Amino acid sequence: MPERASASPRVNDFSVKFATVNGSGSTSANSLVMKAIFRMGVPVVGKNFFPSNIQGLPTWYEIRVTRDGWRARAGSVDIMVAMNAATYSSDVREVCAGGYLVYDSTWPSNTLLARDDIKTFGVPFAQLCNENFEGARARTLMKNIMYAGTLAALIDLDLEVIRSLLAETFAKKPALVESNMKAIEIGYRYAKEKFTCPLPTRIERMKATAGHLIIDGNTAAALGCLYAGATVGAWYPITPSTSLMDAFRALCARHRVDPRTGKNDYVIVQAEDELAAIGVVIGASWNGVRAFTPTSGPGISLMQEFIGLAYYAEVPAVIFDVQRVGPSTGMPTRTQQCDLLACAYASHGDTRHVMLFPDSPEECFEMAVKAFDLAERLQTPVFVLLDLDIGMNDWMAPDFKWDDSYQPDRGKMLSDEQVAGLGKFQRYLDPDGDGIPYRTLPGVSPKAAYFTRGSGHNRYGAYTEDSAEYQDVMDRLTRKFATAARLVPPAVIESRGASAGIVSLGSCDAPVREALASLRRSGTAIDYLRVRGFPFGAEVEEFLATHQTIFVVEQNRDAQLRSLLTLETAVDKKKLRSILHYNGLPMAADCIVDGINSAMAQGVAA
């Protein structure tokens, strides 16, 4: 059982976990609790652990209440709402000593009372629902809403805040507001009458959420695609990326319809598979529109051939990889960072691809826009690698900022007038020495026509099997990759002159920052670099060179970021020590703290 005691008052600093059954309507109740805490001005983050079936298997939702604004998973449970008899025993074991357990006492179970170091609250939810609601489905749904009411009493949530949230959610169905509020009040009153409320572990109003919103990374990325000017999306449905395209479709339906004609100014294609989806993106991008596809690891595997075509023929494409647990089908609804190498070198032959690594929904929004600019500037596929934790979970994010003067970077795209001034258009020449040739769009000018091919071609765009001409093109692509290192977002560095440093990326940032604060409180100073783009910039090389020990923190088994650093920088690999987390759950700070303290105990880091 967890060792941390929760008996002392924990105001605005605790975690709640809901154990329910998938498909029972618990998502609405859990989201209601989280949003109510947020509306009371208290920072909060939500993590959903759900099965890959449609209905009937166990599911859990964690809410971390964090007055200090931490964004990582807590790694411990202070209050468990155990609503699934099939997982009672394991759910009870998760509660910290001194914590609390809420359960449905309609059918008492002695095993629930086996721990004497936690306090239990039995509420006959099923009985109360049977007495107050009609119909099996309504009773199931209202039981979940009812536990939200009980929890509201225990942790001192404002019922008026909950009522306003219900009114917003069911604005067009006022009857649902009343039925849901009835269930909330039944659960609330029962707790108030039977238990001492509120608990020492409770909510007090703050003013720390002003200027913030609750959003997931997939929705934020879809919004970034809209702002970037994307008008074509193609995909094959796959967890956990489908909601990105769902969000883009909804945004386009609101903002990409011609007000005069009522016709759509966008195209969304659900392809027969992932290979077809990336083919649609490449074709659309070749024709001059901004196009993208969202997918996950299995989709990346299927796209390999066309990714190589886009790389070699130099056609822009944007690919969102919402990473999940592999290999093979793996665990589709769990998170990992296991596609780094698959994306960096996607396709057969010599390829190296541009990758962006957002750490949060706000960076999903920003890097979505950046990805389209880079894809067109570099004329190449660009991967945005988020993961299920960022993509599908609820994050508190600062309000997004946008520059209304933004103009898309179309790169070296020649107009009809520019083509007319050329002696002769040659598609793959490198007049600027940066590895990036000039391109034209189909139909701009007969003078600028060329044959786009994935077979061997020379700098003039003509077919070739001449070894020197082939190598000339490949060497130019190497120069272009070096140019990309200067264009991708630079790494974020926090330096205090320590001899040891952490290098990480993506959703690891939240637990790393919390771990750094913990280590500094105990007197351990460590510098930090968060990689935001690949190829690595000069600042990454410098950080690696100036630190004696480098802890590489990532969420996969095979140390893929460490491998990339070894392959693509001059770092002495003896400096690198991995801290790996790959069980499918979002990373918590204690994994990092324990890893670094263990290494220091062995005399590894100064």
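Just so you know, these numbers come straight off a predicted model, no measurement behind them. The figures that follow rest on heavy atoms only: side chains count, while hydrogens, waters and symmetry mates do not.
Checked by atom type and distance alone, the side chain of D389 never pairs as donor or acceptor with a backbone atom of P586 at under 3.5 Å. Judged by distance alone, the side chain of Q555 and the main-chain N or O of Q337 form no donor-acceptor pair under 3.5 Å. A donor-acceptor distance shorter than 3.5 angstrom exists from the side chain of S347 to the backbone of Q304, with no hydrogens or angles considered. With hydrogens and angles disregarded, a donor-acceptor distance shorter than 3.5 Å links the side chain of T440 to the backbone of A448. Although no hydrogens or angles enter the test, the distance criterion places no donor-acceptor pair under 3.5 Å between the side chain of R290 and the main chain of A284. A donor-acceptor pair under 3.5 Å is formed between the side chain of E554 and the backbone N or O of R562. Between the S243 side chain and the D246 main chain, no donor and acceptor come within less than 3.5 Å of each other. With T483 contributing its side chain and R479 its backbone, the two residues share a donor-acceptor pair below 3.5 Å. Within the 3.5 Å criterion, the main-chain N or O of K47 finds no donor-acceptor partner in the side chain of R73. Between the side chain of E542 and the backbone N or O of A538 there is no donor-acceptor pair closer than 3.5 Å.
Here the straight-line distance linking atom OH of Y311 with atom CG of L378 works out to 11.0 Å at 0.5 Å rounding. With rounding to the nearest 0.5 angstrom, the SG atom of C364 is 8.5 Å from the CG atom of D359. Note that CZ of R486 and CG of D434 are 7.5 Å apart. Values are rounded to the nearest 0.5 Å. To the nearest 0.5 Å, the span separating CG on L487 from CD1 on I436 amounts to 6.5 Å. Note that the OG1 atom of T293 and the CH2 atom of W235 stand 9.5 Å from one another [nearest 0.5 Å].
Ring centers of Y428 and Y460: at least 6.0 Å apart, outside the cut-off. Checked against the 6.0 Å centroid threshold, H457 and Y312 count as a close aromatic pair. Under the 6.0 Å cut-off for aromatic ring centres, Y345 and H353 do not qualify, their centroids lying 6.0 Å or more apart.
In K35, the NZ atom is not crowded: 12 or fewer heavy atoms of neighbouring residues, nucleotides or ligands sit closer than 6.0 Å. Around CD of E465, the count of heavy atoms belonging to other residues, nucleotides or ligands within 6.0 Å does not exceed 12. Within 6.0 Å of atom CG in N287, more than 12 heavy atoms from other residues, nucleotides or ligands are found, so the atom counts as buried in its surroundings. Atom CD of Q270 has more than 12 heavy atoms from other residues, nucleotides or ligands within 6.0 Å. Annotation for Y266: atom OH counts as buried by contact number, over 12 foreign heavy atoms lying within 6.0 Å. Taking a 6.0 Å sphere around CZ of R557, one finds it holds 12 or fewer heavy atoms contributed by other residues, nucleotides or ligands.
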(request) Check the pair R256, N264 against side chain to side chain contact (heavy atoms under 4.5 Å, CB included), reporting the backbone distance first and the verdict last. (result) CA-CA 6 Å; R256 289 248 190 277; N264 293 338; over 6 Å; no
(message) Quick one, L356 with K370, criterion side chain to side chain contact (heavy atoms under 4.5 Å, CB included). Give me CA distance, side-chain angles, the key distance, then yes/no.
(response) CA-CA 9 Å; L356 304 181; K370 185 69 173 178; 4.3 Å; yes
(request) For salt bridge (Lys or Arg N to Asp or Glu O under 4.0 Å), just list the numbers for K412 and E376, CA-CA rounded to whole Å, side-chain angles, deciding distance to a tenth of an Å, and then say yes or no. (result) CA-CA 8 Å; K412 298 182 180 182; E376 294 209 274; over 6 Å; no
(request) Let me see the working for V322 and I238 under side chain to side chain contact (heavy atoms under 4.5 Å, CB included), right down to the final yes or no. (result) CA-CA 10 Å; V322 189; I238 182 172; over 6 Å; no
(request) Check the pair L340, F357 against side chain to side chain contact (heavy atoms under 4.5 Å, CB included), reporting the backbone distance first and the verdict last. (result) CA-CA 10 Å; L340 306 186; F357 309 111; 4.0 Å; yes
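Across all non-hydrogen atoms, the minimal contact from W395 to P361 is CB-CG, 3.5 Å. Closest approach of D394 to V45, counting heavy atoms only: O-CG2, 3.5 Å. Closest of all the heavy-atom pairs between S563 and D558 is OG-O, 4.0 Å. Of all the heavy atoms in G297 and D339, the pair that sits closest is CA-OD2, 3.3 Å. Minimum interatomic distance between M331 and N583 (heavy atoms only, all atoms of both residues): CE-O, 3.9 Å. What you find for E272 and Y236 is that their closest heavy atoms are O-CE1, 3.3 Å.
The cationic atom of R427 (NZ for Lys, CZ for Arg) lies less than 6.0 Å from the six-membered ring centre of Y450 and within 45° of the ring axis. For the pair K447 and F425, the NZ or CZ position fails the cation-pi test of under 6.0 Å to the six-membered ring centre and within 45 degrees of the ring normal.
Under the 4.0 Å criterion applied to side-chain N and carboxylate O atoms, D409 and R377 are assigned as salt-bridge partners. A salt bridge is defined here as a Lys NZ or Arg NE, NH1 or NH2 lying under 4.0 Å from an Asp or Glu carboxylate O, and K401 with E362 fails to meet this definition. In this structure, R459 pairs ionically with D472, as a charged nitrogen and a carboxylate oxygen lie closer than 4.0 Å. Note on D258 versus R260: salt bridge recorded, some NZ/NE/NH1/NH2 to OD/OE distance being below 4.0 Å. Of the charged side-chain nitrogens involved, none lies within less than 4.0 Å of a carboxylate oxygen, so that R71 and E514 do not count as a salt-bridged pair.
When each of F372, F365, F248, F400 is tested with Y227 by the rule ring pair (Phe, Tyr, Trp, His ring centres under 6.0 Å), just one qualifies, namely F365. With E314 as the partner, the side chain to side chain donor-acceptor pair (under 3.5 Å) test is satisfied by one option alone out of Q379, K480, R439: K480. Between I319 and the options T295, L385, V384, V382, a side chain to side chain contact (heavy atoms under 4.5 Å, CB included) holds for only T295.
A donor-acceptor pair shorter than 3.5 Å can be found between the side chains of D527 and H547. In the model, T464 has no side-chain atom that pairs as donor or acceptor with a side-chain atom of D466 under 3.5 Å. Between the side chains of D387 and S507, at least one donor-acceptor pair of N or O atoms lies under 3.5 Å. Between the side chains of N458 and Y463, not a single donor N or O lies within less than 3.5 Å of an accepting N or O. For the residue pair R530 and S504, no side-chain donor N or O sits within less than 3.5 Å of a side-chain acceptor on the partner. Side chains of T219 and D216: a donor-acceptor N/O pair is present below 3.5 angstrom, by distance only. In summary, the side chains of Y406 and D373 do present a donor paired with an acceptor at a separation below 3.5 Å, with no hydrogens or angles considered. For the residue pair Q323 / D321, no side-chain donor-acceptor distance below 3.5 Å is found, with atom types taken as modelled.
Residues F543 and I493 meet the side-chain proximity criterion, which asks for heavy atoms closer than 4.5 Å. The closest side-chain heavy-atom distance from H581 to Q336 is not below 4.5 Å. A heavy-atom distance below 4.5 Å is not found between the side chains of V503 and V553. Two residues are said to be in side-chain contact when any heavy atoms from C-beta on lie closer than 4.5 Å; L302 and I278 fail this criterion. Between S285 and V281, some side-chain heavy-atom pair lies under the 4.5 Å cut-off. No side-chain heavy atom of V354 sits under 4.5 Å from any side-chain heavy atom of F534.
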